[in-house]
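Written out below as structure tokens is the structure these notes cover.
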Amino acid sequence: MSKPLQIGIVGYGKMGRMVEAIAKERGHSIAFSAGSGDTWSRADVIIEFTRSEAVIPNIERAMDQGIPIVTGTTGWKERIEEVTNMVNSKGGSMVHANNFSLGVNLFYDVSRRLARAMAPHPDYRAQMEETHHLQKLDSPSGTAISLAQDLISEHPAYDRWQNHESTEQGTLPIISKREPEVPGTHIITWENDIDTIEIKHTAKNRKGFALGAVVSAEWLIGRSGVFTISDVIGSMNNAL
């Protein structure tokens, strides 16, 4: 673990409060947990879980103040090239991820391997289902989009995804559901007339997301550039 940090929390909902609890468990202090005015200057690093319309202004504010930032906000990745250029031009540092859970990132790997294995078997059709809490506004989830992009890259029969049921050739359907008190569930199904193959990740609570974000904040100190949770996990594995 790194030396104790002053962590600023931007976005103090359920995730922000969980980040605060995990950070304190790991020996860090909370510089602020609202994110207005001059309070940012107190922080060694920012952890941000807000809304898609707020994330880029928050990243820009952090870069202007020379503060590393970790963001788990989703729904803005179509502007990642713009943000990367901005962070690099200001000599800043950022970790971003659609999902900071270690389990989910292992699930990404399992899904890629399964898609690769299914490629020689075109009679199996893939479908994805994701379920989250009612407060989650983006649909499909960022995690589902990442899973879909990975599957498409590994399987020649798919070249796009759609956020509804579909039997259209080349389309991976993603079914999105919003239900009370569901941290996040993702299911990928491969099915033909004979059988069904299914892989599933279920988050039991938000602790895994918060822990990954805090570990990423610890890792980011002293680094420059734009990184993902894969860079964090890969670096830590290489250090073992």
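What's counted below: heavy atoms across the whole structure, side chains too, no hydrogens, waters or symmetry copies. Note that the numbering runs from 1 along the sequence shown for the chain.
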To the closest 0.5 Å, what do you measure between [atom1] ([X]) and [atom2] ([Y])?
{"X": "S101", "Y": "H201", "atom1": "OG", "atom2": "NE2", "value": "4.0 Å"}
{"X": "I194", "Y": "N192", "atom1": "CD1", "atom2": "CG", "value": "5.0 Å"}
{"X": "N105", "Y": "N99", "atom1": "CG", "atom2": "CG", "value": "6.5 Å"}
{"X": "S93", "Y": "I221", "atom1": "OG", "atom2": "CD1", "value": "7.0 Å"}

- Donor-acceptor pair between N163 and S139 side chains, under 3.5 angstrom: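 S139 and N163 do have a side-chain donor-acceptor pair below 3.5 Å.
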- Message: Testing the 3.5 Å rule here: is there a donor-acceptor pair between the side chains of T189 and E129?
- Response: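 No, E129 and T189 have no side-chain donor paired with an acceptor closer than 3.5 Å.
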- Query: When F100 is tested against each of L211, V215, I229, V19 for side chain to side chain contact (heavy atoms under 4.5 Å, CB included), which residue passes?
  - Reply: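 Result for side chain to side chain contact (heavy atoms under 4.5 Å, CB included) with F100: I229.
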Other residues, nucleotides and ligands only: do more than 12 of their heavy atoms fall within 6.0 Å of [atom1] on [X]?
{"X": "E53", "atom1": "CD", "answer": "yes"}
{"X": "K90", "atom1": "NZ", "answer": "yes"}
{"X": "R113", "atom1": "CZ", "answer": "no"}
{"X": "E181", "atom1": "CD", "answer": "no"}
{"X": "R112", "atom1": "CZ", "answer": "yes"}
{"X": "E81", "atom1": "CD", "answer": "no"}
{"X": "Q169", "atom1": "CD", "answer": "no"}

- Any chance you could lay out the salt bridge (charged side-chain N to carboxylate O under 4.0 Å, His left out) test for R26 and E218, step after step, and finish with the verdict? CA-CA 10 Å; R26 294 177 67 84; E218 295 167 356; 2.8 Å; yes
- Item | Derivation of the side-chain hydrogen bond (donor to acceptor under 3.5 Å, both in side chains) call for T143 and N98 | CA-CA 5 Å; T143 299; N98 290 327; over 6 Å; no
Test your reading of the model: is there a side-chain donor-acceptor pair from [X] to the backbone of [Y], 3.5 Å cut-off?
{"X": "S111", "Y": "Y108", "value": "no"}
{"X": "R17", "Y": "Y12", "value": "yes"}
{"X": "D231", "Y": "F227", "value": "no"}
{"X": "D150", "Y": "L147", "value": "no"}
{"X": "H133", "Y": "K136", "value": "yes"}

- Message: Quick test of your reading: applying ring-ring contact (aromatic ring centres under 6.0 Å, His included), list the pairs with at least one residue in residues 134-158, sequence neighbours left out, ordered by first then second residue.
- Response: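 Every ring-ring contact (aromatic ring centres under 6.0 Å, His included) pair that includes a residue of residues 134-158, provided the two are not neighbours, is H155-Y158, H155-W190.
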Identify the two heavy atoms, one from [X] and one from [Y], that lie closest to each other, and give their separation to 0.1 Å.
{"X": "S52", "Y": "G75", "value": "CB-O, 3.5 Å"}
{"X": "V87", "Y": "G225", "value": "CG1-O, 4.2 Å"}
{"X": "L5", "Y": "H28", "value": "N-ND1, 2.9 Å"}
{"X": "P140", "Y": "I145", "value": "CG-CG1, 3.7 Å"}

- Does R42 count as lying over the ring of W40, i.e. NZ or CZ under 6.0 Å from the six-ring centre, within 45 degrees of the axis?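 Negative - R42 is either too far from the ring of W40 or too far off its axis.
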